[in-house]
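Okay, structure first, notes after.
Everything numeric here is computed off the predicted structure, so don't read it as measured data. Chain letters run A, B, ... following the sequence lines, proteins first and then strands; every chain starts at 1.
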Amino acid sequence: MVPDYKPQDIEQKWQAKWAEDELYRVGESDEKPKWYFLTMFPYTSGDLHIGHWYAEAPADTAARFKRMQGYNVLRPIGFDAFGLPAENAAIKRNIHPFTWTIQNVENMRRQLRSLGATYDWSREVVTCLPEYYKWTEWFFLQFYKAGLAYRAKAPANWCPKCQTVLANEQVTAQGLCERCESLVTKRDLEQWFLRITNYADELLDHSKIQWPERIGLMQKNWIGRSEGAEISFGIDGYPDEDIRVFTTRPDTVYGVTFMVFAPEHPLIERLTTPDHRPAVEAYVAETRRQSEIERQSTEKEKTGVFTGAYAINRLNGEKVPIFIADYVLLSYGTGAVMAVPAHDTRDFAFAKKYGLPIPVVIAPEGWSGGPLDEAYTEAGTMVNSGLFDGTPSVEGKKKVAEYLKDKGWGGPTVNYRLRDWLISRQRYWGAPIPIVYCDHCGIVPVPEDQLPVLLPEDAEFRPTGESPLKYHEAFVNTTCPTCGGPAKRESDTMDTFICSSWYFLRYASPDYDKGPFDPAKVKYWLPVDQYTGGAEHACMHLLYARFFTMALRDLGLMDFGEPFTRLFNQGLIIADSRKMSKSRGNVINPDLYVQEMGADTVRAYLMFIGPWDQGGDWNDNGISGMHRFLNRVWNLVLSDEDLRGKYLGEASEAEVRALRRLTHRTVKKVAEDLERFRFNTMLAALMEFTNYLAKARETAAANSPYWKEAIDSLILMLAPAAPHVAEELWTSTGHEYSVHNQRFPVWDEALVKEEEITLVVQVNGKVRDRIVVPASIGEEEVKAQARQLERVQPFIHGREVRNIFYVKGRLVNIVVS
RNA sequence: GCCGAGGUGGCGGAAUCGGCAGACGCGACGGACUUAAAAUCCGUUGCCCGCAAGGGCGUAGGGGUUCGACCCCCCUCCUCGGCACCA
């Protein structure tokens, strides 16, 4: 009798056994090639939802496949454990962030274990533990010493709900906080920044990594490189002042009829003439009142006010009025623009509204010489442009920029949308910024031997949301490491994205205490060969981690600049057509499904839903189908012994061939699909194979010596996706433990080939018949056979056969008039 | 507005190179087993006409290239993602 398939029993049994044997523990090896397969570590928000499983289960399957191919696979796991939710929980439930986080970690560990994955738990890292964040702080000091970390006052994104500033990357296009979706406002604050902009060009270069093109484009959009020129303008009445603007169109500089400054521009205060001051101040106040979205709405009509001041265009000596307008942003370029109404749509609209001249300096082809109805922004010929008259504008861009450089009035330059990374957070639950402020010595970095700067355990969490560190006297008040005098500690902590910018290095040597990592082990394991995770991190984690790695390389800590050689983004699992979130109450917990159907079913079902990069709407309609499939495999394999000898007679040669062909075909298909992360079609192929075997079992084919090859292959092919069932079936069919130390079956190309093929016969592109022919059949023979077919005859009878196309092994198409 | 991904049965999806559209699964329908149900097994299942043989239509819509188009080209519509007054 075949025992029932009871996943609950076998899964726990094998998980315990694998853990006891440390089956997935890896070390450096000379014999096997290494393969570092990493999935973005989870944030310790509480429960894992089905989305986490969607990230982990297929990745685990792919990693298991690599193992079975003979790679030394590093598959570590850890927890991104600093961050705001822990602190909010502290305020709300009166529980310490550490306690809350560790409780979550424990629960998530349990859930991750139930997945039956190949994690090497001995390498686990938790970013909120001092032995980890000591090195986060250490990295900050290295950045500081190298001039890559600096403190500056700047208008920062302020989330009123999170009560902290945010980096640009952490604000959505709609001006909302990426985490809590509150409306973000601006605040002028002294903040710490990392010079990610130093690496803008290298970050733009994806030529050394195999990443999805989509992510490259997103990063490219975000970095926003634009080539142009910086041009200096004089200011009437201020001979020592100079205002620089960035433009992508230096060729239009002779068409400047006014200048526009951002309302917050620091020069405005000085330049505004007394008679214009009231209007300017009112406009500035109005701009400040507006939200970022209101201000940046492209629908809005252009507004602005004249300051009474004039700029001087050095190229033609013209005096042009200076306006302020809210469409000019202080944060981009120099915060001031030269306005060329004839050749820029925004400037055109502005000039029309305020009655400013619109002289044409780039002539469109066939231009009449008259005024324009709208801005002409294409290429043309330079006119009214002094010595550049007659120059094609494309060429003119370069020539004008060079000319400016010769004259000392600016020159060619590149501008980026990307801003430096603002890393200060006015919160408790993060790695402290290891800096001390001394009245005497100024900004003093904490000496490395005094790291880590520990988070005080007894901080008071206030419902006001103010940083608990700021009011923690014992923490803030310290002595200056340089002069020994009284000093204040920095009370801001670091953006948690810093913690996740180097965790993949820590996995190489998680217990190392002489530095953030053991250089020899990093040299062996890194870079990550395959990284997987959500595309929502394109312009945050993935950009930051690349920057970090490049900076560490330049600091001489490593010899590579790209952390992740290959990247794959799984899609998003949504529920009821909406993103899963606690606030929406549509979070799907995998635990219930695991209890009912087993982890193998949940794993395989997630992979079967569709292509991994597509994600999809979670519904459990189909999950029973996957459970049925595993049950069928179970019964097929375990009833094998019972049936042996039941069907007498020897398998025919044709039966054996068919059996072997499908076995080898399936091995090929499954291996190729696993290689390319096509788990859905891999499982479909296994289902077809199983269906075939279930039928073949009723025939003499089951008596073939190759029957065992088929069954063994099936178990081995199932092992990456459904590791528990595979282990149980493998060991119960007389094989040696463990199936997960076996080699993946290899296919014989000669057996895969068909000796007989079915050709489709078309007349004028329509299928009319099929013929079975030997695979070796010649073209002429096929064509001759095809036109003789009974079902084809009526369609060609009495017509002229114009052509016959033969696609080898596939079809014949007879073209008639 | 710009850039990108996508649109295939009742549903999830398949079709690796321009060559059988709808693999595999869910659901539905019919049957077997059962006192009955569940489970399991067998069969049918894109739409339309037809008793059938068979025929026609069909991959968001329209046009094109080709012997042949889900696939390539042009236009339109819809969904999702990124950027967006970026000078």
Side chain of [X] - closest among [options]:
X        : options             : answer
A:Val815 : B:C26, B:C67, B:C86 : B:C67
A:Ala684 : B:A23, B:G19, B:C86 : B:A23
A:Pro611 : B:C85, B:A87, B:A14 : B:A14
A:Asn691 : B:A87, B:G25, B:A14 : B:G25
A:Arg676 : B:U16, B:A87, B:G19 : B:U16
A:Asn680 : B:A14, B:G19, B:C85 : B:A14
A:Thr681 : B:U40, B:A87, B:A15 : B:A15
A:Arg214 : B:A23, B:G55, B:G4  : B:G4

Paired nucleotide for [N] [Watson-Crick or G-U wobble; both distances under 3.5 Å]:
N     : result
B:C71 : none
B:C57 : B:G46
B:G25 : B:C11
B:C41 : B:G31
B:C80 : B:G4

Working to the nearest 0.5 Å, report the span between [atom1] of [X] and [atom2] of [Y].
X        : Y        : atom1 : atom2 : value
A:Leu686 : A:Leu718 : CG    : CG    : 6.0 Å
A:Arg225 : A:Leu418 : CZ    : CG    : 12.5 Å
A:Tyr544 : A:His537 : OH    : NE2   : 11.5 Å
A:Gln570 : A:Met40  : CD    : CE    : 7.5 Å

Upstream residue (5' side of RNA chain B) when A:Val328 and A:Leu683 are each assigned their closest nucleotide: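 Counting from the 5' end, the first nearest nucleotide belongs to A:Leu683.
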5'-most by nearest nucleotide on RNA chain B - A:Gly615 or A:Arg768: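 Whichever sits nearer the 5' end wins; that is A:Gly615.
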Sugar-phosphate, base or nothing in reach of A:Lys766, heavy atoms under 4.0 Å: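 Sugar-phosphate, no base atom in range.
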Salt-bridge contact A:Arg346-A:Asp344 (side-chain N to carboxylate O under 4.0 Å):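 Salt bridge: yes.
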Note: A:Lys808-A:Glu779 ion pair, threshold 4.0 Å (strictly below):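 No, no charged N to carboxylate O under 4.0 Å.
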Rounded to the nearest Å, what distance is computed from the [atom1] atom of residue [X] to the [atom2] atom of nucleotide [N]?
X        : N     : atom1 : atom2 : answer
A:Tyr416 : B:A87 : OH    : C1'   : 17 Å
A:Gln614 : B:U79 : CD    : P     : 18 Å
A:Phe323 : B:C85 : CZ    : P     : 22 Å
A:Asn415 : B:C86 : CG    : P     : 13 Å
A:Asp673 : B:A23 : CG    : C1'   : 12 Å
A:Ile215 : B:C83 : CD1   : P     : 12 Å
A:Asp347 : B:A87 : CG    : P     : 12 Å

Does [N] have OP1 or OP2 sitting under 4.0 Å from an N or O in the side chain of [X]?
X        : N     : answer
A:Arg628 : B:C26 : yes
A:Arg791 : B:G54 : yes
A:Thr758 : B:C20 : no
A:Arg632 : B:C24 : no

Mutual orientation of the aromatic rings belonging to A:Phe568 and A:Trp612 [parallel < 30°, tilted 30-60°, perpendicular > 60°]: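 Taking A:Trp612 first and then A:Phe568, their aromatic rings lie parallel (interplane angle under 30°).
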Face-to-face stacking of A:Phe805 with B:C67, centres under 5.5 angstrom, angle under 30°: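 Yes, the aromatic ring of A:Phe805 stacks with the base.
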Using the [atom1] atom in both, what is the distance from [N] to [M], to the nearest Å?
N     : M     : atom1 : value
B:G27 : B:G12 : P     : 15 Å
B:C72 : B:A15 : P     : 15 Å
B:C20 : B:C33 : C1'   : 38 Å

For B:G68, glycosidic torsion class - syn if within 90° of 0, otherwise anti: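 Judged by the O4'-C1' to base torsion, B:G68 sits in anti, the angle falling more than 90° away from 0.
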